[in-house]
Amino acid sequence: VLPRALFAEKTRRIPIGYTAITWMNAQVTEAIQDVAQLGFHGFETFGNVLDEWESKGGLQSVLRKNRIPLIAAYCTVNLTDSSRRQEQVAKAIAWAKLIKKYKGRVFTLGPNQVDRSNFDFSSHKENIVSTLNEVSKAVSDQGITPVLHQHTGTCVETRDETYATLDAIDTRYLKFGPDVGQLTKGGADALKVVKDYLPLVQHMHLKDFDGKDEHLLGYCPLGKGKVDVPAILDLMTGRKIS
């Protein structure tokens, strides 16, 4: 599944799963089947997809049939609108309960989209951190590990925003689930960010970025872009995560 060049010098034993962003949400059962057949160790979908499938009997049978576990769900939380905080906490608890139902472990917490052309992080930082702390405490209380997943186009995108947020959160509850491709696209040195916050890393989206193909949003096969994927894999080798 990963390019042979990444393993040319040594073998790294790291369980790697797949997130279902490649498929439309309506194709989640097909995604589970394909990911399992490709030999991945786990599967990640979205909180709203788990929610939608509850009325259809859930995804337990298709996960069991394909012998692949749900590891995480990507859950977008509004961090900038303080008037919606309690609504976001309630939504997060509901999603965390669904993740737990499927014996998943990780709540991949995605910040909300903002207009980056006029977004002022400093004016929103206090509310971002407060909402993260409240949501992550509520999710942790359900026995699920919440991880901050910085993302381009959101209220936590750049290197400085990522560092400022990670340095301010309550790390008893909230951990880090970096997207190394998104970090690179946002102008950061992904390897340095992972190194600097390695004790907090409990989940990761492993992507590469070269900025060339607009149809792929600048992303490219692992090992073909700017991300030092082998070095990041070395950091993760042997790490026990949630």
Are M24 and Y18 connected in a single hydrophobic cluster, I mean Ile/Leu/Val/Met/Phe/Trp/Tyr linked by side-chain heavy atoms less than 4.5 Å apart?
-> no
Quick one: are T162 and Y197 in side-chain contact, heavy atoms under 4.5 Å?
-> no
Compare every heavy atom of D210 with every heavy atom of G225, then report the nearest pair and how far apart it is.
-> CA-CB, 4.0 Å
T108 and E44: side chain donor to acceptor below 3.5 Å = yes
Heavy-atom side-chain proximity of I68 to L63 below 4.5 angstrom = yes
Spatial distance of atom CD1 (I71) from atom OG1 (T19) [nearest 0.5 Å] | 11.5 Å
Residue pair V227 / G181: nearest heavy atoms and the distance that separates them | CG2-CA, 4.3 Å
Note, Q33 side chain near E30 side chain (heavy atom, < 4.5 Å) | no
Decide yes or no for M236 and V201: does some side-chain heavy atom of the first lie under 4.5 Å from some side-chain heavy atom of the second?
-> yes
CG on L166 to CG on L174, rounded to 0.5 Å | 7.5 Å
Would you please test W23 and D34 for side chain to side chain contact (heavy atoms under 4.5 Å, CB included) and show each step?
-> CA-CA 10 Å; W23 294 260; D34 290 348; 3.3 Å; yes
Apply side chain to side chain contact (heavy atoms under 4.5 Å, CB included) to N25 and N48, showing your working.
-> CA-CA 9 Å; N25 286 343; N48 64 297; 3.9 Å; yes
With a 3.5 Å cut-off and no angle check, do the side chains of R105 and T145 form a donor-acceptor pair?
-> no
Distance, nearest 0.5 Å, that separates OG of S61 from CG of N66 | 9.5 Å
Look at the side-chain heavy atoms of Ile, Leu, Val, Met, Phe, Trp and Tyr, link any pair under 4.5 Å apart, and say whether V156 and Y173 land in one connected group.
-> no
Is it true that Y74 and L217 fall in one hydrophobic cluster, defined by side-chain heavy atoms closer than 4.5 Å?
-> no
When you look at CD of Q60, are more than 12 heavy atoms from neighbouring residues, nucleotides or ligands closer to it than 6.0 Å?
-> yes
No-hydrogen, no-angle side-chain donor-acceptor test under 3.5 Å, N112 and T80 = yes
Listed by chain and number, what are the side-chain contact (heavy atoms from CB on, under 4.5 Å) partners of K207, not counting sequence neighbours?
-> D179, Q182, Y219
Counting distance only, does the side-chain N/O of D208 pair as donor-acceptor with the main-chain N or O of C220 below 3.5 Å?
-> no
Please tell me if the side chains of V194 and F176 come closer than 4.5 Å, counting only heavy atoms from C-beta onward.
-> no
Flag this pair as yes if the NZ/CZ of K185 is under 6.0 angstrom from the six-membered ring centre of F209 and inside a 45 degree cone about the axis; otherwise no.
-> no
Atom pair OG1 (T76) and NZ (K91), whose distance is rounded to the nearest 0.5 Å = 7.0 Å
Determine the minimum heavy-atom distance between A92 and V135, stating which atoms define it.
-> CB-CG1, 3.7 Å
Among the clusters formed by ILVMFWY side chains lying less than 4.5 Å apart, do V129 and V89 turn up in the same one?
-> no
Side-chain contact, heavy-atom cut-off 4.5 Å: L109 with H149?
-> no
Report yes if the side chains of T237 and R239 come closer than 4.5 Å at any heavy-atom pair, otherwise no.
-> no
CD/E214: more than 12 non-hydrogen atoms of other groups inside 6.0 Å = no
State the CD1-CZ distance between I99 and F107, to the nearest 0.5 angstrom.
-> 6.0 Å
Assign the ring pair H205 / H203 to parallel, tilted or perpendicular, where the plane angle (0 to 90°) is split at 30° and 60°.
-> perpendicular
Which pair of non-hydrogen atoms, one from E161 and one from C155, has the smallest distance, and what is that distance?
-> OE1-O, 3.8 Å
Output yes when a side-chain donor or acceptor of E157 lies under 3.5 Å from a complementary backbone atom of G186, and no otherwise.
-> no
For G47, does its backbone N or O pair with a side-chain atom of D51 as donor and acceptor, under 3.5 Å?
-> no
With sequence neighbours excluded, what pairs up with H124 under the ring-ring contact (aromatic ring centres under 6.0 Å, His included) test?
-> F119
Derivation of the side chain to side chain contact (heavy atoms under 4.5 Å, CB included) call for L59 and L70 = CA-CA 10 Å; L59 294 170; L70 179 81; over 6 Å; no
Please name the pair of heavy atoms, one in P111 and one in T154, separated by the smallest distance, quoted to 0.1 Å.
-> O-CG2, 3.5 Å
Check whether L198 and L206 end up in the same hydrophobic cluster, where Ile, Leu, Val, Met, Phe, Trp and Tyr are linked by side-chain heavy atoms less than 4.5 Å apart.
-> yes
dist H151:NE2 -> L183:CG (nearest 0.5 Å) comes out at 10.5 Å
Listed by chain and number, what are the salt bridge (charged side-chain N to carboxylate O under 4.0 Å, His left out) partners of K103, not counting sequence neighbours?
-> none
Can we say E54 and K97 salt-bridge, meaning some charged N sits less than 4.0 Å from an Asp/Glu carboxylate O?
-> no
Verdict with reasoning, K137 to N133, per side chain to side chain contact (heavy atoms under 4.5 Å, CB included) | CA-CA 6 Å; K137 172 66 165 60; N133 286 340; over 6 Å; no
Minimal non-hydrogen separation, R85 against S130, with atom names | NH2-CB, 3.5 Å
Could you check if a side-chain atom of T131 sits within less than 4.5 angstrom of a side-chain atom of R84, using non-hydrogen atoms only?
-> no
